[in-house]
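Within every chain, numbering begins at 1; the chains are lettered A, B, ... in the order of the sequence lines, protein sequences first and strands thereafter.
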There are 2 protein chains.
Amino acid sequence: MTASSRPLSRKDIRRENERLILDAAEKVFAEAGFGGATMQLIADMAGLPKANLHYYFPTKESLYRQVVQAIFQDWLKAADIFDDAPGPVEGIGAYIDAKMEISRRHPAGSKVWASEVMHRAPVIQDYLETTLVEWTEGRMSVIRRWIAEGKMDEIDPRHLLYMLWATTQHYADFGHQIETLNGGQPLSDAQWVAAKGAVKRIILKGIGAQPSPAA
Amino acid sequence: MTASSRPLSRKDIRRENERLILDAAEKVFAEAGFGGATMQLIADMAGLPKANLHYYFPTKESLYRQVVQAIFQDWLKAADIFDDAPGPVEGIGAYIDAKMEISRRHPAGSKVWASEVMHRAPVIQDYLETTLVEWTEGRMSVIRRWIAEGKMDEIDPRHLLYMLWATTQHYADFGHQIETLNGGQPLSDAQWVAAKGAVKRIILKGIGAQPSPAA
DNA sequence: GCTTTTTCTGACCGTATGGTCAAGAAAAGA
DNA sequence: TCTTTTCTTGACCATACGGTCAGAAAAAGC
C-alpha cells in the first residue's frame, strides 16, 4: 500500500539509514557537543539500535567527521552568488540573505561547525588550510575589485568577511540567547525579515556600498 | 627565601588553589567542551591531584557553574562605558574596544560562554532570563535615546546589539579559524588594531552615527 | 606540647560509554 | 529453491570517568 510497506532495495535502505543517522547525529552533536553526545542518544533519535549505527559508521569520530564535512560543503556553497554579482549591494546582500537562511533552516549544522572550530578544528583542520584558504582568497579578490571600481569603501576584505560570518551565524549559534531575549519565543517570520534587513542595512551602509547603475 | 617557600595561611591556600583550578577549568572547558572535559585533565593542568579538585568543588558541574558565572560577570561589566557616553561614536566605539579586548585577552572565557549558550544554557538560563534581559533593556533604551536625539539612524537596537556581540566575540570564538586564515599565525598587535578599527568603522558608519559636538 | 580543624591524596567503586560479536533476518543472485 | 551477500540486533566487554573515602599531613588554636 504505502511506499514504506513495500520492501526497500539495499541501496535505498543504506541511503535512508545513513540519512536518518546523519540527521540525528547533527542534532545531538549540536546540542551536546562531541564529548557530550552519545551513540545511544543518536541511535534513539534516529530510531535505530545502537549496534546498527556502528554498522554504517564504524566509530563515533567517523560519524562526526561526515557530519562536519557535509556542513562545510553547505557553508562554501552559500557563496556562489557572491562572484557573479555586479557589485557589493547585490553580492553581499545576497550572501547575507543566504547565510541568514542557513542559520534559520539549519541551525544545528551551524552549531556543530562553530563547535568544531572552537575546539581547534580537530577533524577538519586540513580543509581549513586548503579549501577555506582558497575560498577566502577568491572572495577577497572580488571585494578588492569592487573597491578598485569605486563600488565601496576601502575596507580590509578579511574583516568584512569575518563580520559577515560572525553576524549571520550568530543567529543560529546564539539562537537560544536571542530566543530568550525575545520573550522565550523563536523569531517570527516578520522578525527574521527584520533581522536580515537590519544586518544588510548596517553592513552595506557601513562599507559605503554604491548601488550598481541600472542596466 | 622566596615567597612560595614560606607556609601559606589557610585562606591563602584556599584562594590560591581555587584560582588555579578555576583557571585550568576554564581552559579545559573551552578546548574540550563540558562533555569532553575531564576532571583528570583539569587536575593535571592545575598541577593538583584529582581528589583535591573534588575537595574544593564537589562536582564537575559545580566547577563548571562557577566558571560560567565568572565569565558572565565580565561580560556584563564590559558595558559600563556604554551608559555615560554622550553618543554612539563614543559609547559603541568604546564598547567595541572593550569587547575586542576581552576576546583578545580572555578567549577561553568567551568560548565557554558561547558553548554554554549554544547548548541552550543548561546552567545559566535563569541569569539569561533575569539579568541579561534587564541589561539588554537598559542598553536598548540608551540606543533609542540616541536615535531620538538624531545621533544615529533608526536602527532596531536589538539587532545592533546582536551584531556587536557577534562580531567582537567572533574574534575569540573563531580565533582558530582566523589564525589559520592568517597563515597559521595569531593576529599581531597591529592586526588587532586594524581589526578593531575595521569593526568600529563599518558599524559606526553603518548606523549613521553622528559625532558629538565638541564640548 | 596537645588538640582541633583544615587540607591533601592514593586507592578504590559503580556506572556509562564506545565498540565488538555472533547469530539471525532479509534481500539479491543463481 | 538454494546460496550468497547484506543488514539487523541483543548481549557482551574493556575502559574511562565522576565521585568517594579513609587516613596522613599540615596549619590553627589553646
K.L.:
Applying a 4.0 Å non-hydrogen cut-off, can you work out what A:A37 is touching in the nucleic acid: base, sugar-phosphate, or nothing?
P.N.:
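Result for A:A37 = sugar-phosphate.
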K.L.:
Tell me the interatomic distance from B:Y56, atom OH, to D:dG19, atom P, rounded to whole angstroms.
P.N.:
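Going from OH in B:Y56 over to P in D:dG19 covers 18 Å.
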K.L.:
Which nucleotide wins on minimum distance to the side chain of A:P49, given the candidates D:dC17, C:dT17, D:dG10?
P.N.:
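Nucleotide nearest to A:P49's side chain: D:dG10.
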K.L.:
Is it true that, when you exclude A:K27 itself, more than 12 heavy atoms of the residues, nucleotides or ligands shown sit nearer than 6.0 Å to its NZ?
P.N.:
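It does not: A:K27 NZ has 12 such atoms or fewer within range.
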K.L.:
How about CD on B:E61, more than 12 heavy atoms from neighbouring residues, nucleotides or ligands closer than 6.0 Å, or not?
P.N.:
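Open: at most 12 neighbouring heavy atoms sit under 6.0 Å from CD of B:E61.
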K.L.:
Under the ring-ring contact (aromatic ring centres under 6.0 Å, His included) rule, what do B:F82 and B:W146 come out as? Steps first, then yes or no, please.
P.N.:
CA-CA 12 Å; B:F82 215 106; B:W146 288 337; 5.6 Å; yes
K.L.:
Around atom NZ of A:K196, are there more than 12 heavy atoms from other residues, nucleotides or ligands closer than 6.0 Å?
P.N.:
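Enclosed: over 12 neighbouring heavy atoms sit under 6.0 Å from NZ of A:K196.
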K.L.:
Once rounded to the nearest 0.5 Å, what's the spacing between atom NE2 of A:H170 and atom CG of B:D173?
P.N.:
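One gets 10.0 Å once the value is rounded to the nearest 0.5 Å.
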K.L.:
With the side chain counted from C-beta on, respond yes when A:H176 and B:Q125 share a heavy-atom pair under 4.5 Å apart, and no when they do not.
P.N.:
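When only atoms from C-beta onward are counted, B:Q125 and A:H176 do touch, with a gap below 4.5 Å.
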K.L.:
Taking only N and O in the side chain of B:N17, is any of them less than 4.0 Å away from OP1 or OP2 of C:dC8?
P.N.:
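Yes, within the criterion.
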K.L.:
Any protein N or O atoms within reach of nucleotides 3-6 of chain D? Criterion: under 3.5 Å, listing atom names and distances.
P.N.:
residue: D:dT5; atom: O2; partner: A:R10; partner atom: NH2; Å: 2.6

K.L.:
Which residue pairs pass the side chain to side chain donor-acceptor pair (under 3.5 Å) test when at least one of the two sits in residues 155-169 of chain A, sequence neighbours left out?
P.N.:
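As it turns out, the side chain to side chain donor-acceptor pair (under 3.5 Å) pairs with a partner in residues 155-169 of chain A, which skip direct neighbours, are A:W75-A:Q169, A:Y95-A:W165, A:K99-A:Q169, A:H159-B:Y171.
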K.L.:
Is it the case that more than 12 heavy atoms not belonging to B:Y127 sit under 6.0 Å from its OH atom?
P.N.:
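No, because the 6.0 Å sphere around OH of B:Y127 holds 12 heavy atoms or fewer from other groups.
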K.L.:
Which atom pairs link the protein and nucleotides 19-24 of chain C when you take only N or O atoms and keep those under 3.5 Å?
P.N.:
residue: C:dG19; atom: OP2; partner: A:K60; partner atom: N; Å: 2.6
residue: C:dG19; atom: N7; partner: A:K50; partner atom: NZ; Å: 3.1
residue: C:dG19; atom: O6; partner: A:K50; partner atom: NZ; Å: 2.8

